[in-house]
Amino acid sequence: MPELPEVETTRQGIRPHLEGSKISQVIIRNHSLRWPIDADLASILDGQTIHSIQRRAKYLLLHCDTGVLLIHLGMSGNLRILNTADNDEVGKHAHVDIIVDNGHTLRYTDPRRFGAILWTSEPLSEYKLLKDLGPEPFTDAFNADYLWQQCQTRRCSIKTLVMNGKIVVGAGNIYANEALFLSGIHPSTRANTLTLQQCNQLVRMIKTVLKQAIEAGGTTLKDFRKSDGQPGYFAQQLNVYGREGDDCPKCGSIIQHYKEAQRATFFCSQCQKLTSA
DNA sequence: AGTATCTCCTGCGTGC
DNA sequence: TGCACGCAGGAGATAC
């Protein structure tokens, strides 16, 4: 399941093959993603140059001549770089091919179709899906004071808060679990009861765990593959996520599992005490 | 404004 | 072996 590290890994993988290239053909086999793909997308993109590929939250942004192509991988989306000449077998869920003039094809595959491919020619700062997003986790804007301020007016659990893209982007379920474990904070702790010191620790751990995951090439649980088809290796570094019943790597207690706001939540009851309800 | 719930979809694991 | 079923999950939409 692609979270920020997986999206960033994908960006780094596809960028060298696409930046500066010109789109020569777009094949859309299935328009039905989370939102329907623009019926005119193929003709809009035809002949445009991909100038740069950036990332905002979990959106990949392909800056073209007259606008930006936004790609979200959803739950099961995946981008691969293929050699156009190879004529690779088109899988059941290979919904879109973007063929460029340097011999490469960008193929979007997404079994669950929770992802999105959207076109916009308006400034990104005004684009609906991006304008209300919180800071990127690696920027200085995401710091202890900021998080603590955000916590003050909210009674939701700290795990829910951290996963809220309006607070900070990129901390999905896996990494929220991991960062809370490394911070020694119980996932159900009410946000407005966190101390500044806890916020400081949590901010540092979110940055740390996301950075380590990017360095490992992302987390491959079921279906994530990097753009070259290889899995990421961060799953081997997970302390609590998916490890219900295992020994806590810090203290040896048993890792617990429950649902917090509909999401699978893992923690160590010794290392992550609930300080207040 | 903040929070909880619903929703999209397919593949996989489980139990019979 | 096969089927029915439940579940996972990012994040926008919707209802309080």
Side-chain angles (χ1 to χ4, degrees), chain A residues 1-11 29-37 55-61 70-79 91-96 108-118 120 126-137 147-179 187-194 206 210 213 218-225 231 234-235 238 240-245 257-266 277:
Chain A
M1 48 204 79
E3 296 197 23
L4 186 140
E6 291 74 45
V7 177
E8 181 60 25
T9 296
T10 297
R11 185 182 79 92
R29 301 185 188 84
N30 187 349
H31 287 259
S32 163
L33 299 184
R34 176 169 193 181
W35 297 285
I37 297 177
R55 179 189 58 72
R56 175 73 174 105
K58 295 174 191 168
Y59 291 93
L60 287 167
L61 310 171
L70 292 86
I71 302 178
H72 196 293
L73 300 177
M75 285 297 307
S76 56
N78 161 270
L79 287 170
K92 186 177 169 186
H93 304 293
H95 306 311
V96 176
Y108 177 83
T109 301
D110 186 1
R112 270 167 270 185
R113 291 191 275 129
F114 275 24
I117 298 183
L118 301 162
T120 182
E126 292 164 31
Y127 190 68
K128 189 180 177 190
L129 296 176
L130 302 181
K131 67 183 176 66
D132 294 325
L133 291 174
E136 288 286 326
L147 182 62
W148 190 77
Q149 283 299 330
Q150 294 297 318
C151 282
Q152 292 318 295
T153 56
R154 291 178 170 89
R155 296 194 70 261
C156 63
S157 72
I158 185 60
K159 178 161 180 270
T160 302
L161 183 109
V162 154
M163 290 177 66
N164 180 347
K166 289 177 181 160
I167 306 295
V168 59
V169 303
N173 198 34
I174 296 175
Y175 301 109
N177 275 299
E178 293 298 310
S188 290
T189 309
R190 297 298 109 195
N192 60 0
T193 66
L194 258 71
I206 288 172
L210 289 175
T219 302
T220 295
L221 289 181
K222 288 196 177 86
D223 34 26
F224 175 71
R225 288 291 184 278
F234 193 68
L238 295 176
V240 291
Y241 185 87
R243 298 205 184 281
E244 178 186 14
H257 169 254
Y258 69 108
K259 285 216 177 193
E260 171 72 52
Q262 322 286 72
R263 292 288 177 266
T265 302
F266 303 87

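Every chain is numbered from 1 and lettered A, B, ... according to where its sequence line falls, protein lines coming before strand lines.
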Undergrad: Roughly how many Å is it from CZ in Arg154(A) to C1' in dA1(B), rounded to a whole number?
TA: 8 Å

Undergrad: Using a cut-off of 4.0 Å on non-hydrogen atoms, how would the nucleic acid contact of Thr153(A) be classed: base, sugar-phosphate, or nothing?
TA: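 Sugar-phosphate only.
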
Undergrad: From CG of Asp132(A) over to C1' of dG10(C), roughly how many Å is that when rounded to an integer?
TA: 17 Å

Undergrad: Just the rounded figure in Å: distance from P of dT3(B) to CD of Gln150(A).
TA: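 Rounding to the nearest Å, CD of Gln150(A) and P of dT3(B) are 11 Å apart.
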
Undergrad: Ignoring backbone atoms, test whether Ser76(A) places a side-chain nitrogen or oxygen under 4.0 Å from the OP1 or OP2 oxygen of dG9(C).
TA: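 Negative; the distance criterion is not met.
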
Undergrad: Nearest to the side chain of Lys128(A), which nucleotide is it out of dA13(C), dA8(C), dG10(C)?
TA: dA13(C)

Undergrad: Measure the shortest side-chain to side-chain distance between Ile167(A) and Arg154(A) over non-hydrogen atoms and say whether it is less than 4.5 angstrom.
TA: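 Heavy-atom side-chain distance check passes, below 4.5 Å.
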
Undergrad: Quick check: do His93(A) and Asp110(A) have side-chain heavy atoms less than 4.5 Å from each other?
TA: no

Undergrad: Select from Ser157(A) and Arg263(A) the residue whose nearest nucleotide in DNA chain B is closer to the 5' end of that strand.
TA: Ser157(A)

Undergrad: Using whole Å, what does the distance between atom P of nucleotide dG9(C) and atom CD of Glu260(A) come to?
TA: 14 Å

Undergrad: Could you tell me how far apart Glu3(A) (CD) and dA11(C) (C1') are, to the nearest whole angstrom?
TA: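 After rounding, the gap between these two atoms is 12 Å.
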
Undergrad: Heavy atoms only, 4.0 Å cut-off, all strands: where does Arg34(A) land among base, sugar-phosphate and nothing?
TA: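 Since a base atom lies under 4.0 Å of Arg34(A), the category is base.
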
Undergrad: Under 4.0 Å between a side-chain N/O of Tyr175(A) and OP1 or OP2 of dG10(C), yes or no?
TA: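 No, no such contact exists.
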
Undergrad: Taking 4.0 Å as the cut-off, does a side-chain nitrogen or oxygen of Arg113(A) come that near to OP1 or OP2 on dT10(B)?
TA: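 Yes, because at least one side-chain N or O of Arg113(A) sits under 4.0 Å from OP1 or OP2 of dT10(B).
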
Undergrad: Classify Ala264(A) by what it touches in the nucleic acid, base, sugar-phosphate, or nothing, heavy-atom distance under 4.0 Å.
TA: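 Sugar-phosphate contact only - Ala264(A) comes under 4.0 Å of backbone atoms but never of a base.
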
Undergrad: Would you kindly give the NZ-to-P distance between Lys92(A) and dC9(B), to the nearest whole Å?
TA: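 Taking NZ of Lys92(A) and P of dC9(B), I get 14 Å after rounding.
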
Undergrad: Mind calculating the distance between CD (Gln262(A)) and P (dT7(B)) to the nearest angstrom?
TA: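 Computing the Gln262(A):CD to dT7(B):P distance gives 12 Å.
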
Undergrad: With a 4.0 Å cutoff (strictly under), does any side-chain N or O of His93(A) reach OP1 or OP2 of dG11(B)?
TA: yes

Undergrad: Which nucleotide, dA8(C), dG11(B), dT3(B), lies nearest any side-chain atom of Arg155(A)?
TA: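 The closest nucleotide is dT3(B).
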
Undergrad: Measure up the His72(A) and Tyr59(A) rings against each other and bin them: parallel (under 30°), tilted (30 to 60°), perpendicular (over 60°).
TA: perpendicular

Undergrad: I want to check something: taking the side chain as every heavy atom from C-beta on, are Leu129(A) and Thr120(A) in contact at a cut-off of under 4.5 Å?
TA: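 Not touching, per the 4.5 Å side-chain cut-off.
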
Undergrad: Give Leu33(A) one of three labels, base, sugar-phosphate or nothing, depending on what nucleic acid heavy atoms sit under 4.0 Å from its own.
TA: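 Nothing, no nucleic acid heavy atom in range.
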
Undergrad: Does OP1 or OP2 of dT3(B) have a side-chain N or O of Lys166(A) closer than 4.0 Å?
TA: no

Undergrad: At less than 4.0 Å, is any side-chain N or O atom of His72(A) found next to OP1 or OP2 of dG10(C)? Yes or no.
TA: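 Checking dG10(C) against His72(A), no side-chain N or O comes under 4.0 Å of OP1 or OP2.
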
Undergrad: Among Glu260(A), Glu244(A), Lys159(A), which residue meets the side chain to side chain donor-acceptor pair (under 3.5 Å) test with Thr265(A)?
TA: Lys159(A)

Undergrad: The side chain of Cys156(A) is closest to which nucleotide in this list: dG12(C), dT3(B), dC8(B)?
TA: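 The answer is dT3(B).
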
Undergrad: In this structure, how many angstroms lie between the C1' atom of dC9(B) and the CG atom of Asn78(A), rounded?
TA: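 Distance check: Asn78(A) CG to dC9(B) C1' gives 16 Å.
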
Undergrad: Would you check if Arg243(A) and His257(A) make a side-chain contact, meaning some heavy-atom pair closer than 4.5 Å?
TA: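 Side-chain contact under 4.5 Å: no.
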
